[in-house]
Each structure stands twice: as structure tokens, then as C-alpha cells.
Amino acid sequence: METGVTGADVSGATTTTISLSVKFSGRTIPITNLSPDSTIKDLKALLQPLTNVLPRGQKLISKGKLLVDAMTLRESEITNGAKIMLMASQGLHQGDGPILKQAQSRPISRDNNADRSDKGKAKKAAVDKNRLERWKATGVIGLSECNLKAIPEEVWADSRTSARVLDLSNNVIQEVPALIGCMNSLQKILLDSNDISDDSVSWEALKSLKSLTVLSLNQNRLTRLSSDLGWLPSLRQLHVANNMLSSLPSELRYLPKLEVLKVNNNRITTIPPWIGDLISLIEVDLSSNLLSDLPETFCNLHNLKSLSLSNNGLKSLPSSLFKMCLMLTRLDLHNTEITMDILRQIEGWENFDERRRLKQQKKLDFRVVGSAAFDEGADKS
């Protein structure tokens with residue numbers, strides 16, 4: 001494909017800034033007000049949030065020539081009005097983005113006499129008497145993969161006072177009404193893989209659930225989280241992966257017992273400094289977002305054991321992360337800009353690396369010992 005310069009300034013006057021366009025994936029991205037002394041590496045950094053392609057995965061081509069990172073626009077003969085082609089290396093995208101539900105796992109009907117016109121239609125199921133009794137006896141309301149579009153009225157009946165677990169995952173539920181606030185004994189709410197949007201949840205009603213420890217809303221259509229989540233004093237796990245979130249509400253800082261925070265596969269660009277207030281955090285998954293850095297307050301998470309940061313545009317880590325987070329044994333940095341050379345320069349890296357290796361060795365040892373226990377030739381006396 002021809003990628004020549006068009007619209008260049010030929011008047012002889014010196015151009016103080018350069019505007020150019022980048023063709024990528026069938027669209028044209030305008031870039032304005034660049035200095036002629038900006039490097040190709042600078043240009044790639046500007047393109048990163050616009051294309052979700054990491055700089056090291058970008059190949060920029062002008063006039064059939066591959067542009068070199070260290071060279072300036074002037075040296076690369078990039079003039080005002082230039083058109084540049086961007087080619088992306090496979091696997092070097094940051095923020096894979098929300099995994100939008102195209103199809104869901106559903107129980108397969110084997111009834112050949114079923115009315116085909118009803119196939120695939122969501123329903124508001126009637127709940128049989130045996131299931132109601134089981135709910136009351138166990139405290140577990142299990143309605144996953146029932147092709148429900150709405151929560152059955154029976155859920156809000158007698159079982160609501162004793163229910164501990166509400167599992168409505170893998171349906172097409174579109175609304176969580178205020179009645180959920182009456183289920184005072186709830187400890188877990190599982191709403192993964194539904195059709196829930198920002199305004200279809202009665203967030204304020206959730207504030208009444210003082211015993212709630214797990215809230216899972218993975219793979220829905222959320223673009224923001226409500227500030228009301230900060231009123232859940234017992235919450236230990238918050239799962240909101242595979243949505244379209246661009247930020248986290250500051251009220252999450254008031255969750256003193258939060259241990260697991262999973263917000264991977266969203267569109268989050270910044271982690272605010274208040275993340276350091278969540279001192280009970282043990283596991284954090286921020287992979288596949290649009291992050292370029294982390295706040296230094298991350299180092300306050302002294303109980304942190306697992307940190308997933310893959311598929312982001314990160315170039316560095318908080319300077320005291322390894323020194324202060326002495327429980328950290330798992331760190332995933334795949335498809336980021338952070339190299340081993342960068343890691344080795346961070347204070348405390350050696351100790352972290354030793355902890356990581358010891359943990360891996362313990363896993364191997366456990367497997368060996370575990371398999372030996374089932375050895376039929378072992379002494380059983």
C-alpha cells in the first residue's frame with residue numbers, strides 16, 4: 001500500500017508544529033501539534049491510548065520505510081500533513097477490552113417435542129415447591145443457567161430472610177430491584193454473565209446487606225460502579241471483570257475488609273492513590289486495562305500476595321513495591337513495557353524473586369509428596 005506524504009508545506013516557511021494522520025485498522029487517527037524534534041518513540045507513546053497497542057508492538061511506516069524509534073520527525077522526513085501507516089504486532093495490545101457476551105452457556109434441551117418457537121427466549125421461571133424447600137433448608141438460592149430475564153418472585157418470598165447465597169449467574173437478567181435489600185442474611189451475590197447495566201441495579205438497596213462478603217458482577221454491561229458500594233463493611237471480594245468500566249469510585253476506599261479486587265478486562269486508565277487505603281487486599285487483578293502507571297501508594301498494601309498487571313501499557317512499577325509488599329509472591333507482567341532490566345533495578349527485587357522461587361518449589365514439592373502418599377508400595381503400617 002502506498003503511504004506517501006500529502007499536504008506537506010511547500011511554501012518554504014519553517015513549520016513550528018506538525019500535524020499528521022495515522023492509518024490503523026481501517027480508520028484514520030489525527031495527531032496534531034507535534035514538534036519536529038519529537039522522536040518516533042514519542043509518537044508511539046501518543047498512539048498507545050488511541051490504539052491500545054503497546055509502543056514496542058507498533059510499526060510505523062512512511063513512504064515505504066520503517067520509522068526508527070530514536071530518530072526525530074525531522075530526521076525521518078515527516079512533514080506537516082504526512083500520512084503514516086501503523087501495523088500492530090499480534091499479542092502486544094494493552095487492555096484487551098470488555099469481553100461482550102455474544103453467546104452464553106445454557107442447558108441444552110433434549111426434548112424433541114419442545115416448541116421451537118420458544119427456543120432461545122428468556123423467561124421468568126416458575127419455581128417448584130421442592131426447590132423452595134431446598135432454598136430454605138440450605139440457605140442457597142441456585143438459579144444459574146436458567147435462561148432468566150427477570151428474578152423470580154419466589155426469591156423475594158419466605159426464603160429471603162434465611163438466604164445466604166444468591167446465585168443468578170449465566171442468565172440474561174436485566175434488573176436487580178430494591179427488594180434485594182430485604183435479604184439481610186445474604187453473604188454472597190453472584191450475578192456473572194447477565195445483561196446488567198448501570199441503572200438496572202438498585203445500588204442503594206445493597207447498602208442494607210451488612211453481611212455481604214462476596215459481590216460478583218463479571219461480564220455484564222457496566223460502565224461505572226456506584227458510590228453505594230462503599231457502604232458494605234463486610235465485603236471481602238469484589239469481582240467486576242469483563243465490563244466497560246473506565247474508573248473506580250473513590251468510596252471503595254471505605255471497604256476495610258476487602259481482600260480480593262478483580263477489575264480485569266475493562267477500560268480503566270488510572271488507579272487513584274486511595275488504593276493504598278485498602279490495606280487488607282491480598283489479590284488484585286488489573287490486567288487488560290489501559291494503565292500506564294501505578295501510584296506509589298500501592299506500596300501500602302503490605303498483605304498483597306498476588307498482583308496481575310498483564311496487557312497494560314505499564315513502563316515501571318512503584319519504586320518501593322518489592323521493599324514494602326513483603327507478602328507478594330505472584331506478579332504477572334506479560335505484555336507490558338516492563339523488562340527484566342527494569343525489574344532488577346527496583347529495590348527489593350532479589351528478595352521478591354527468592355520468595356517467588358520458594359513458592360514455586362513448595363508447589364512442586366507438594367505435588368511430589370502428594371503423589372507418593374498414594375503409592376501402593378508404601379509402608380502402610
Side-chain angles (χ1 to χ4, degrees), residues 95 187-189 198 201 203-218 222-241 243-310 312-333 336 338 346-348 351-352 355:
Q187 298 174 15
K188 294 183 180 181
I189 298 178
D198 299 345
V201 180
W203 299 104
E204 187 173 359
L206 292 178
K207 293 163 60 175
S208 304
L209 306 180
K210 302 303 182 184
S211 299
L212 192 67
T213 60
V214 177
L215 177 59
S216 192
L217 288 159
N218 296 324
L222 299 173
T223 63
R224 57 179 172 81
L225 295 177
S226 171
S227 60
D228 290 320
L229 291 178
W231 292 83
L232 298 172
S234 300
L235 196 66
R236 295 182 182 274
Q237 297 186 28
L238 178 59
H239 302 259
V240 286
N243 280 283
M244 295 174 281
L245 304 173
S246 58
S247 62
L248 298 174
S250 60
E251 287 78 8
L252 292 186
R253 70 197 302 175
Y254 303 123
L255 300 176
K257 296 182 180 180
L258 193 66
E259 297 177 350
V260 177
L261 178 61
K262 294 198 173 186
V263 292
N264 49 293
N265 290 89
N266 279 285
R267 314 297 291 172
I268 296 173
T269 57
T270 303
I271 298 299
W274 56 254
I275 191 75
D277 295 342
L278 298 173
I279 57 176
S280 297
L281 278 175
I282 295 174
E283 180 180 359
V284 176
D285 191 344
L286 299 170
S287 57
S288 297
N289 277 284
L290 303 175
L291 301 173
S292 57
D293 57 27
L294 295 177
E296 284 294 326
T297 52
F298 229 93
C299 304
N300 296 340
L301 306 180
H302 298 163
N303 293 307
L304 190 64
K305 295 181 179 180
S306 175
L307 178 58
S308 299
L309 298 169
S310 61
N312 279 286
L314 295 168
K315 299 179 181 179
S316 63
L317 293 173
S319 59
S320 299
L321 182 69
F322 297 137
K323 180 181 177 182
M324 303 296 292
C325 298
L326 299 179
M327 302 289 287
L328 187 65
T329 55
R330 182 182 179 276
L331 179 63
D332 186 355
L333 295 170
T336 68
I338 300 173
I346 300 177
E347 186 178 2
N351 291 334
F352 162 75
R355 291 195 305 273

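When reading the values below, keep in mind they use all heavy atoms of this one structure, side chains included, and skip hydrogens, waters and symmetry mates. Numbers for residues simply follow the sequence, beginning at 1. The structure displayed is predicted, hence computed values, not measured ones.
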Spatial distance of atom CD1 (I279) from atom CG (L304) [nearest 0.5 Å]: 13.0 Å
Is N243 reaching over with its side chain to a backbone N or O of A241, donor-acceptor style, under 3.5 angstrom? yes
What distance do L309 atom CG and N264 atom CG have between them, rounded to the nearest 0.5 Å? 11.0 Å
Side-chain donor or acceptor of D293 paired with backbone N/O of K315 under 3.5 Å: no
Modelled atom types, side-chain donor and acceptor of T223 and R267, under 3.5 Å: no
CG of N300 to CG of D277, rounded to nearest 0.5 Å, is 7.5 Å
Hey, is NZ on K207 packed in by over 12 heavy atoms from elsewhere, all under 6.0 Å? yes
Any donor-acceptor pair under 3.5 Å linking the side-chain atoms of S319 with those of E296? yes
For the side chain of N312 and the backbone of N289, is there at least one donor-acceptor N/O pair under 3.5 Å apart? yes
Residues N303, L281; criterion side-chain contact (heavy atoms from CB on, under 4.5 Å); working and verdict: CA-CA 6 Å; N303 293 307; L281 278 175; over 6 Å; no
Please check if the side chain of R355 supplies one atom and the backbone of L328 the other of a donor-acceptor pair under 3.5 Å. yes
Evaluate V260 against H239 for side-chain contact (heavy atoms from CB on, under 4.5 Å), listing each step before the verdict. CA-CA 8 Å; V260 177; H239 302 259; 4.1 Å; yes
L301/L307 under side-chain contact (heavy atoms from CB on, under 4.5 Å): CA gap, chis, key distance, verdict: CA-CA 11 Å; L301 306 180; L307 178 58; over 6 Å; no
Worked check of side-chain contact (heavy atoms from CB on, under 4.5 Å) between I275 and L261: CA-CA 11 Å; I275 191 75; L261 178 61; 4.1 Å; yes
More than 12 non-hydrogen atoms from neighbouring residues, nucleotides or ligands closer than 6.0 Å to CH2 on W274, yes or no? yes
Roughly how far, to the nearest 0.5 Å, is NZ of K262 from CG of N218? 8.5 Å
Please check if the number of heavy atoms outside L326 that lie under 6.0 Å from its CG is greater than 12. yes
Do R236 and S280 pass the side chain to side chain donor-acceptor pair (under 3.5 Å) test, and can you show the C-alpha distance, the side-chain angles, and the key distance before you say yes or no? CA-CA 9 Å; R236 295 182 182 274; S280 297; over 6 Å; no
OG-NZ distance between S234 and K257, expressed to the nearest 0.5 angstrom: 4.5 Å
Within this structure, what is the OG-CZ distance for the pair S308 and R330, rounded to the nearest 0.5 Å? 4.0 Å
